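Worksheet for the structure shown next.
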Amino acid sequence: MVTAILFAVTIRLLWWSVEPLVPYIVVGLFIVTIIGFVWFRSTRW
């Protein structure tokens with residue numbers, strides 16, 4: 001039981017530290033995907 005509570009608290013603290021960064025991560029992945037797609041298309045020719 002104590003292990004489950006510690007696990008839940010650890011997950012909650014990790015989520016609180018990561019949650020503000022979620023929009024930046026999404027935007028970063030979007031930009032990297034677009035740049036990768038453009039680069040892939042330009043190097044195929």
Side-chain angles (χ1 to χ4, degrees):
M1 186 69 185
V2 174
T3 306
I5 292 172
L6 283 174
F7 182 71
V9 170
T10 304
I11 294 297
R12 176 57 92 181
L13 289 173
L14 283 172
W15 175 245
W16 280 341
S17 63
V18 170
E19 186 184 12
L21 302 174
V22 167
Y24 300 109
I25 293 170
V26 170
V27 170
L29 282 174
F30 183 71
I31 291 172
V32 166
T33 302
I34 297 240
I35 291 173
F37 181 74
V38 168
W39 185 59
F40 175 73
R41 297 292 274 172
S42 65
T43 55
R44 277 190 72 191
W45 298 106

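Count residues from 1 along the sequence. Values in this document were obtained by computation on a predicted structure and should not be read as measured data.
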Handout entry: With Val26 via side chain to side chain contact (heavy atoms under 4.5 Å, CB included) - residues at least two apart
Key = Val22
Review item, side-chain donor-acceptor pairs of residues 3-12, under 3.5 Å, at least two apart:
{"unit_1": "Thr10", "atom_1": "OG1", "unit_2": "Leu6", "atom_2": "O", "d": "2.7"}

Completion exercise
Rounded to the nearest 0.5 Å, the CG atom of Leu21 sits from the OH atom of Tyr24 at a distance of 8.0 Å
Exercise for the section: Using side chain to side chain contact (heavy atoms under 4.5 Å, CB included) as the criterion, list what pairs up with Ile35, not counting sequence neighbours. Expected result: Ile31
Handout entry: Heavy-atom check, side chain of Thr33 versus side chain of Phe30, under 4.5 Å
Key = no
